[in-house]
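Since this is a predicted model, take the numbers as computed values, not measurements. So you know, we letter chains A, B, ... as the sequences are listed, proteins then strands, and number each from 1.
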Amino acid sequence: MSSRVQNIRGMRDHLPSAMILRQYIINTLTSVFERYGFEPLQTPIVEYAETLDGKIGDDEKLIYRFEDHGGRKVALRYDQTVPLARVVAQYQGQLLFPWRRYAIGQSYRGERPGRGRYRELWQADIDIVGSASPVADAEILAVLTDALTALGFTGFTTLISHRQVLGGIARVSGLDEAAAGNVYRAIDKLDKIGIDGVRNELLQSGVAPDAVERILALIDLQGGADEVLDELERRLQGDERAQQAIANLRAIIGYARAMGVPEERIVIAPRLARGLSYYTGAVFESIVQNPPMGSLLGGGRYDELIGMFAGRSIPTVGLAFGIERLHDVMEELGMGPASRTIAVALVTLFNPEMAPESLRLAQELRQAGLMIETTLDPSEKLGKQLQYADRRGIPYALVLGPDELARGEVVVKHLCSGEQRSVARSAVAGMLASAAESQRAPRTANEQGGLHERQTS
RNA sequence: GUGCCUGUAGCUCAACGGCAGAGCGCCUGACUGUGGCUCAGGAGGUUGUGGGUUCGAGACCCAUCAGGCACCCCA
C-alpha cells in the first residue's frame, strides 16, 4: 500500500492552465443558455439513495453509495437529471411551467476510467420542464448547435432518433421486449464495429437470421433527414407508435430548421439507443469525428421520470453537455482562449528605490480593469523578471526605471516578439486593453496549428 | 467488474540478472537597464509501493497502487 500523496482514481485535479479552458467552456455555455431564457439551478451532490434508485437502469450499480453519520443511506448523484426531477416534484407549487433551467456541476460514476471517462465528471444540463411540444425538443437542438458553435466546433454532427423508432424496429422484427435490450446495445455500436459486427452480435444473442437482416436494413439507412424518415415511415408501416414517433421527429426537425439549425449538422440515426432508461421520446447526441471521443453531449425526452416523484406526468426534454469531453477535445485541438495565463502584463520592479512607483503603476492599471501581476522581490534582476513573465506566458512586461519616470513614460515590452516601446504612462492602459482583447479571442477547431504556438523564434 | 500492456531524474526515455545513464528542462555564472541564442559549471534517484527468488534485482516471481488499450457501458 502506497503512502504517496495521490488524488482519487478517475477524479482529476485541474491546474490553472486547464482551469482557464474549463472556465471558458462553462462561461460560454452559460451565456448561450441564458440567451434562450434558461435559469440557473443548483442542487446538492448528495441525495438519498432512494431518490436515485430505479431511475437510470442497469447502471445503478455504478452509483457511489454510503451511509451518513446518522446511518441514512445516501448516494452521490449520478447525473443532474434525477435531482431535477426531485426538485420539480418538491417545489411544484412554486414553479411556473414550462420551466427552462440549466445546471452545471459534477456527478459521480463508479466506472473504470478510460479515455473520456472519469469517475467525477462535470456536466452542463439544460432542460425544458412541463412541455410536450416538439418546439421544446427543437429548441434543445438549437441551443446545443449554438453552444458547440460558440465553443469553436465546426465539424460536429447531432444524431437524432426516437425511442419508439427503436421500439418499432424491434416490434416489426418480431422481437419481444426482453430480447430488445440486447438488440439496442448491439445496434448502438454500429459506428464502432460496423455492419458485420452488429450482424454477428445479433446472431449470437439469438435473433433469427431474417430478423437480423431486417434490423440491419433499417439501422443502416443513409441520406438526408427527410429521406431517412420517409424510408422509416414506409418500412415501419403498421406500427402505430413508430409512425407517431416519425411524425414527432418531422415536427422537431421542422422547428429546428426554422431556428437556424443547419441541415448538415443533423442525422437521423435509428441506431441511436442511449443508455439511460428514462428516455421516452426523441433522443440525441452530438459527436465529432476528430479526435475520436464518443459523444460530447447526449439527451432526449423523458416524459415519465418526473412523474415518478411528482405523482403526475410532467413532460420534459433536456440534455447534458459532457464538460470533461469538451475539455479533452478542445485541449487536443488547441481550441479555446489563446492565453494560458490570467495576467496580461507583469509590472517589473526596477530596483528597491523604484518599487513603490511601479506598484502605484500596477494599481492604476488594475483600476482600469486590466489583469496585472507584479514582481515580488524588488532586488531581483530585471532579466529574471522578464524570464518569469515569459515562462508564465504573460504577454507583456512593463519597465518603469528612473529614465522613464523622468519622462512620464513606461517601457512596454512584448515578450513573444521582443519588441518594446516607451509610451506615455497615461496611454499604457489603453494599449494593453486592446492587446488583452485579441489575446482572449478564442480559436476554433479549424484554426488549430499556427495561431496557438508561442512565437519563440 | 474482465483481459492485455506500462510504471526508472521535473519531462521523454536508456541500462545482457553485475558501478543507475542520456537528451530536454531546472539552478549559477559569462551578461552591472532586458528573457529566448551560445558557452562553462552545478543540483537533482529509496528505479510507484510492499514482499519473495538470488552471492547480487531497475530487470525474474507474488501482491498492491497508478496510467494506457480493448471489453462492459457512458458525457
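- The salt bridge (Lys or Arg N to Asp or Glu O under 4.0 Å) test applied to A:Asp303 returns A:Arg301, not counting sequence neighbours.
- Look at CG on A:Leu349: it is 14 Å from C1' on B:G33, rounded to the nearest Å.
- One finds no salt bridge joining A:Lys55 and A:Glu60 here, because no Lys/Arg side-chain nitrogen approaches an Asp/Glu carboxylate oxygen to under 4.0 Å.
- Nucleotide B:A75 holds its P atom 9 Å from the CD atom of A:Glu111, rounded to whole Å.
- The nucleotide whose nearest atom lies closest to any side-chain atom of A:Arg109 is, among B:G29, B:U34, B:A75, B:A75.
- Scored by the salt bridge (Lys or Arg N to Asp or Glu O under 4.0 Å) test, A:Arg421 finds no partners at all (sequence neighbours excluded).
- Taking the salt bridge (Lys or Arg N to Asp or Glu O under 4.0 Å) definition, one finds that A:Glu201 meets it with A:Lys189, sequence neighbours left out.
- Here A:Tyr388 lies out of heavy-atom contact (under 4.0 Å) with every strand.
- Salt-bridge annotation for A:Asp328 and A:Arg12: present, with a side-chain N of the basic residue lying under 4.0 Å from a carboxylate O of the acidic one.
- One can place CD of A:Gln387 at 6 Å from P of B:G36, the figure rounded to the nearest angstrom.
- Taking a pair as Watson-Crick or G-U with both hydrogen-bonding distances under 3.5 Å, the stems of three or more pairs touching RNA chain B are B:1-7 with B:65-71, B:10-13 with B:21-24, B:26-30 with B:38-42, B:48-52 with B:60-64.
- The base of B:A75 lies outside donor-acceptor range of the side chain of A:Gln80, with no N or O pair under 3.5 Å.
- Residue A:Lys384 places at least one side-chain N or O under 4.0 Å from the OP1 or OP2 atom of B:U28.
- One finds a salt bridge joining A:Arg199 and A:Asp196 here, because a Lys/Arg side-chain nitrogen approaches an Asp/Glu carboxylate oxygen to under 4.0 Å.
- Contact annotation for A:Leu296: backbone-only contact, meaning every heavy-atom pair under 4.0 Å involves sugar-phosphate atoms and none involves a base.
- Looking at heavy-atom distances under 4.0 Å, A:Glu285 makes no contact with the nucleic acid at all.
- Remark: A:Glu409 engages A:Arg407 in a salt bridge (Lys or Arg N to Asp or Glu O under 4.0 Å) (not counting sequence neighbours).
- When rounded to the nearest whole Å, the span between CZ of A:Arg12 and C1' of B:G68 equals 15 Å.
- A sub-4.0 Å separation between OP1 or OP2 of B:G67 and a side-chain N or O of A:Arg9 is present.
- The shortest heavy-atom contact between A:Ala256 and A:Ala138 is N-CB, 3.5 Å.
- Not one side-chain nitrogen or oxygen of A:Lys61 sits closer than 4.0 Å to the OP1 or OP2 atom of B:C72.
- Nucleotides B:U64 and B:C69 place their P atoms 23 Å apart, quoted to the nearest Å.
- The stretch residues 119-129 of chain A comes close to RNA chain B through A:Leu121, A:Gln123, each having a heavy atom under 4.0 Å from the strand.
- Look at the P atom in both B:A30 and B:A14: the space between them is 39 Å, to the nearest Å.
- Comparing A:Met11 and A:Lys189 along RNA chain B, the residue whose closest nucleotide (by nearest heavy atom) sits nearer the 5' end is A:Met11.
- Distance, A:Glu201 CD to B:A70 C1': 14 Å, rounded to whole Å.
- Rounded to the nearest Å, the gap between the P atom of B:A15 and that of B:A59 is 14 Å.
- The same atom, P, is picked in B:C65 and in B:C27; the two are 38 Å apart, to the nearest Å.
- The distance from atom CD1 of A:Ile25 to atom P of B:A75 is 18 Å, rounded to the nearest whole Å.
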Please list, for nucleotides 23-25 of chain B, all pairs of protein and nucleotide N/O atoms separated by less than 3.5 Å.
none

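- Of the residues in residues 398-408 of chain A, those with a non-hydrogen atom less than 4.0 angstrom from any atom of RNA chain B are A:Val399, A:Asp403, A:Glu404.
- With sequence neighbours excluded, no residue satisfies side-chain hydrogen bond (donor to acceptor under 3.5 Å, both in side chains) with A:Arg119.
- Distance, A:Ile193 CD1 to B:A70 P: 14 Å, rounded to whole Å.
- By the 4.0 Å N-to-carboxylate-O rule, A:Arg117 lies too far from A:Glu324 to be salt-bridged with it.
- Using atom P as the reference point in both B:G56 and B:U12, the two lie 34 Å apart (nearest Å).
- At a threshold of 4.0 angstrom between heavy atoms, the contacts of A:Phe350 include nucleobase atoms, whether or not backbone atoms are also involved.
- Residue contacts shown for A:Gly10 are limited to sugar-phosphate atoms, with no base heavy atom under 4.0 Å away.
- The gap from the C1' atom of B:U47 to that of B:G21 amounts to 12 Å, rounded to the nearest Å.
- When atom types are taken as modelled, the side chain of A:Lys384 and the backbone of A:Leu382 share no donor-acceptor pair closer than 3.5 angstrom.
- In this structure, A:Phe284 has no ring pair (Phe, Tyr, Trp, His ring centres under 6.0 Å) partners at least two apart in sequence or on a different chain.
- The backbone N or O of A:Val74 sits nowhere less than 3.5 Å from a side-chain atom of A:Glu67 that would complete a donor-acceptor pair.
- Remark: the separation of the P atoms in B:C62 and B:U46 is 26 Å, to the nearest Å.
- Salt bridge absent: A:Arg109 and A:Glu120 never bring a charged side-chain N and a carboxylate O closer than 4.0 Å.
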Hey, can you pull the donor-acceptor pairs under 3.5 Å for the side chains in residues 44-52 of chain A, sequence neighbours left out?
{"from": "A:Glu47", "atom 1": "OE1", "to": "A:Arg86", "atom 2": "NH1", "distance (Å)": "2.9"}
{"from": "A:Glu47", "atom 1": "OE2", "to": "A:Arg86", "atom 2": "NH1", "distance (Å)": "2.6"}
{"from": "A:Thr51", "atom 1": "OG1", "to": "A:Tyr48", "atom 2": "O", "distance (Å)": "3.4"}

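- Under the rule for a ring pair (Phe, Tyr, Trp, His ring centres under 6.0 Å), the partners of A:Tyr102 that lie at least two apart in sequence or sit in another chain are A:Phe33.
- Distance NZ (A:Lys381) to C1' (B:A30): 10 Å, rounded to an integer number of Å.
- Rounded to a whole angstrom, the distance from the C1' atom of B:G48 to that of B:C39 is 38 Å.
- As judged by a 4.0 angstrom heavy-atom cut-off over every strand, A:Leu382 is placed among the base-contacting residues.
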